[in-house]
Asker: 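This structure is in structure tokens; I'll ask about it shortly.
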Amino acid sequence: SGHHYGGACLLEGGMVIDMSQLKRVCVDPVKRTATLQPGVTTRELREATCPHGLHFPSGHISDVGCSGYILGGGNGWGVTLWGAAVDNVDAFEVVLPTQACQPQVVSHATDPDLFAGLKGAGAFLGIVTEFHVQLHPVAPLVPVITAIYPASLTPQVAALHTRLMASAPSSVEVSMAFVRAAAAPHDPCIILGATAFAEPEDTAVQQAFEQIRQLLPDQRLVLHDAPLPYLEALSILDGAWDWPGLCMYGHGMFVEKGALTPELLQELEAATSVMGVRSLILICPGAPPSDKASSLDFRGGLFLCVYAMWPRTDAGPAADGDQSHVDWVGRVKEAVGAAVVGLYVNEVMLDQPGQVLHCYKPSTLKRLQILKARSDPHSLLRKLQ
């Protein structure tokens, strides 16, 4: 029921607890809150909140499990306006693997240290059986604009991306991606997109969108520019990740907003020319700073994730080129290297030792290690390493 293709739910000699049938969602439209169980997917949560005109900052892909997504911090739709998923959690019902092993409600009032620990490192500390979350009003139509250009125009597209990140209101979520599958004949492309959590006619939204409309229209390959119904708008990325035989290997990094130097952009453009047809490099907003204590570090910058995606065939891993895709991710990771301030625990591959240690600042890691000794004294859950 979690959110980790890198192996967080699999452990040599361990036991998997299947929570996929815990599907209850209860929405209180008056209080603008919801309680949900760990088997609920992003799609199911949206379908429960949408009739009430309410939104939770949920994952970008509809099949993502809400539980692991939230427990790892949750960098999703609406992050610039409402913060990360964990910034919108009021309480957890959790079973700690201690002698008592009984469900307990953990909130800022009952146990502020454990509450903050669960908000970004929950998978290491306990088994959450229910989430109590805040919801936010959202318009039935979501303004969306997507422009696709040849990758050779990366400097111009990236320059506008940087300007919009600095000037657009928090309701406008701006992203950029390097792809090959956006348009035939699968030449390298760069996508600039924006999604707004505001009314379509909002003046500030239209001012931001107009800058995208005016960017190199004669050299643009594709422009999609129309408000979409809420559920359709927030499912717009599903096609890239939802297809038969999908294999994926990725690496999620946080970088500062000023990290997209001409040299780094040149490296990313070059990587696009040799990646698999379905692979991509995504750059989107990270969570803004928050005065609410949590374990989600490295806020206020950009999230840069490298996704190698390829089909599994009957020929098997060697013939399908598994290692070449993994190696490609490694090369891009090395190219970005110096710009990285930290990793995103939900999107690192646990086949590489020590990745978890780079997902938290030293002070946060020390606090989590103390919490780990208290909440999981026998190390029955995944080790914090």
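Since we're looking at a predicted model, the values are computed, not measured.
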Asker: Working to the nearest 0.5 Å, report the span between CZ of R180 and CG of D187.
Answerer: 7.5 Å
Asker: Where do I127 and L381 land on the side-chain contact (heavy atoms from CB on, under 4.5 Å) test, with the steps shown first?
Answerer: CA-CA 9 Å; I127 302 168; L381 302 176; 4.2 Å; yes
Asker: Looking at every heavy atom in both K257 and G301, which two are closest together, and how far apart are they?
Answerer: CG-CA, 4.0 Å
Asker: Using modelled atom types only, decide if a donor and an acceptor are shared between the side chain of Q37 and the backbone of K23 within a distance under 3.5 Å.
Answerer: yes
Asker: Restricting to non-hydrogen atoms, name the atom on C305 and the atom on E347 that form the minimum distance, rounded to 0.1 Å.
Answerer: SG-OE1, 3.9 Å
Asker: Determine, stepwise, if the pair F92 / L114 fulfils side-chain contact (heavy atoms from CB on, under 4.5 Å).
Answerer: CA-CA 10 Å; F92 301 92; L114 181 56; over 6 Å; no
Asker: For A335, enumerate each residue passing the side chain to side chain contact (heavy atoms under 4.5 Å, CB included) test, keeping only those at least two apart in sequence or located in another chain.
Answerer: E267
Asker: Is it the case that the side chain of Y360 and the backbone of G342 share a donor-acceptor pair, with hydrogens and angles ignored and the cut-off at 3.5 Å?
Answerer: no
Asker: Under 4.5 Å between any side-chain heavy atoms of D320 and C247, yes or no?
Answerer: no
Asker: Might you work through the side-chain contact (heavy atoms from CB on, under 4.5 Å) test for M275 and V332, ending with a clear yes or no?
Answerer: CA-CA 10 Å; M275 71 184 182; V332 180; over 6 Å; no
Asker: Do V105 and I70 share a hydrophobic cluster (ILVMFWY, side-chain heavy atoms under 4.5 Å, transitive)?
Answerer: no
Asker: CG of L125 to CG of D376: how many Å apart, nearest 0.5 Å?
Answerer: 8.0 Å
Asker: To the closest 0.5 Å, what do you measure between OG (S273) and CZ (F178)?
Answerer: 11.0 Å
Asker: Flag the pair D111 / D113 as yes when at least one side-chain heavy-atom distance between them is below 4.5 Å, and no otherwise.
Answerer: yes
Asker: Report yes if the side chains of W328 and S279 come closer than 4.5 Å at any heavy-atom pair, otherwise no.
Answerer: yes
Asker: Do N88 and H136 have side chains that approach each other closer than 4.5 Å (heavy atoms only, starting at C-beta)?
Answerer: yes
Asker: How far does CG of L54 sit from CG of L45, to the nearest 0.5 angstrom?
Answerer: 10.5 Å
Asker: Does either side chain, that of T41 or that of D63, offer a donor lying less than 3.5 Å from an acceptor on the other one?
Answerer: no
Asker: Any sub-3.5 Å donor-acceptor pair from K119's side-chain atoms to A293's backbone N or O?
Answerer: yes
Asker: On a heavy-atom basis, which atom in L260 and which in L265 lie closest, and how many Å separate them?
Answerer: O-CD1, 3.6 Å
Asker: List the atom of G120, the atom of V345, and the distance in Å for their closest heavy-atom pair.
Answerer: O-CG1, 3.8 Å
Asker: Should we say atom CD of E256 is surrounded by more than 12 heavy atoms from elsewhere, each under 6.0 Å from it?
Answerer: no
Asker: With ring pair (Phe, Tyr, Trp, His ring centres under 6.0 Å) as the criterion, how do Y230 and H55 come out once you've worked through the C-alpha distance, each side chain's angles and the decisive distance to 0.1 Å?
Answerer: CA-CA 9 Å; Y230 172 80; H55 172 76; 5.7 Å; yes
Asker: Donor-acceptor check, side chain of Y149 to backbone of L215, threshold 3.5 angstrom: yes or no?
Answerer: yes
Asker: So, does Y69 use its side chain to make a donor-acceptor pair with the main chain of G76 at under 3.5 Å?
Answerer: yes
Asker: Give a yes or no on whether the backbone of L350 and the side-chain of Q355 come within a donor-acceptor separation of less than 3.5 Å.
Answerer: no
Asker: Charged N to carboxylate O under 4.0 angstrom, E334 versus R331?
Answerer: no
Asker: Do I283 and H161 have side-chain heavy atoms sitting under 4.5 Å apart?
Answerer: yes
Asker: Give a yes or no on this: more than 12 heavy atoms of other residues, nucleotides or ligands lie within 6.0 Å of atom NE2 of H132.
Answerer: yes
Asker: Please step through side-chain contact (heavy atoms from CB on, under 4.5 Å) for the pair F298 and V340, ending with a clear verdict.
Answerer: CA-CA 10 Å; F298 315 116; V340 176; over 6 Å; no
Asker: Would you confirm whether D87, through its side chain, and A84, through its main-chain N or O, come within 3.5 Å as a donor-acceptor pair?
Answerer: yes
Asker: Within the structure provided, determine whether R278 and W310 are in side-chain contact (heavy-atom separation under 4.5 Å).
Answerer: no
Asker: Give me the ring orientation class for F254 and F303: parallel if the planes are under 30° apart, tilted from 30 to 60°, perpendicular past 60°.
Answerer: tilted
Asker: Within the 4.5 Å heavy-atom criterion, are S295 and R367 side-chain neighbours or not?
Answerer: yes
Asker: Who pairs with K366 by side chain to side chain contact (heavy atoms under 4.5 Å, CB included), at least two apart in sequence or on another chain?
Answerer: none
Asker: Please round to the nearest 0.5 Å and tell me the distance separating atom CD1 of I190 and atom OG1 of T154.
Answerer: 4.0 Å
Asker: For residues V25 and L135: do they belong to one hydrophobic cluster (side chain heavy atoms under 4.5 Å, members Ile, Leu, Val, Met, Phe, Trp, Tyr)?
Answerer: yes
Asker: Please tell me if the side chains of F56 and T42 come closer than 4.5 Å, counting only heavy atoms from C-beta onward.
Answerer: no
Asker: Between T195 and E173, does any side-chain donor sit less than 3.5 Å from a side-chain acceptor?
Answerer: no
Asker: Who pairs with S235 by side chain to side chain contact (heavy atoms under 4.5 Å, CB included), at least two apart in sequence or on another chain?
Answerer: R46, S62, D238
Asker: P38 and V128: which non-hydrogen atoms are nearest, and at how many Å?
Answerer: CG-O, 3.5 Å
Asker: Under a single-linkage definition using a 4.5 Å side-chain heavy-atom cutoff for Ile, Leu, Val, Met, Phe, Trp and Tyr, are M253 and V79 assigned to the same hydrophobic cluster?
Answerer: no
Asker: If Ile, Leu, Val, Met, Phe, Trp and Tyr residues are connected whenever their side-chain heavy atoms lie under 4.5 Å apart, and connections chain through other members, are L365 and I370 in the same group?
Answerer: no
Asker: In terms of hydrophobic clusters joined by side-chain contacts under 4.5 Å, are M309 and V326 together?
Answerer: yes
Asker: What's the shortest heavy-atom distance between A339 and A259, and which atoms?
Answerer: CB-CB, 3.8 Å
Asker: Please determine whether a side-chain nitrogen of the Lys or Arg among D90 and K31 lies less than 4.0 Å from a carboxylate oxygen of the Asp or Glu.
Answerer: no
Asker: Give, for atom CZ of R374 and atom CG of L96, the distance between the pair rounded to the nearest 0.5 Å.
Answerer: 8.0 Å
Asker: Can you check whether V179's main-chain N or O pairs, donor with acceptor, with T272's side chain at less than 3.5 Å?
Answerer: no
Asker: Can you confirm whether Q323 is buried at CD, in the sense that more than 12 heavy atoms of other residues, nucleotides or ligands lie under 6.0 Å from that atom?
Answerer: yes
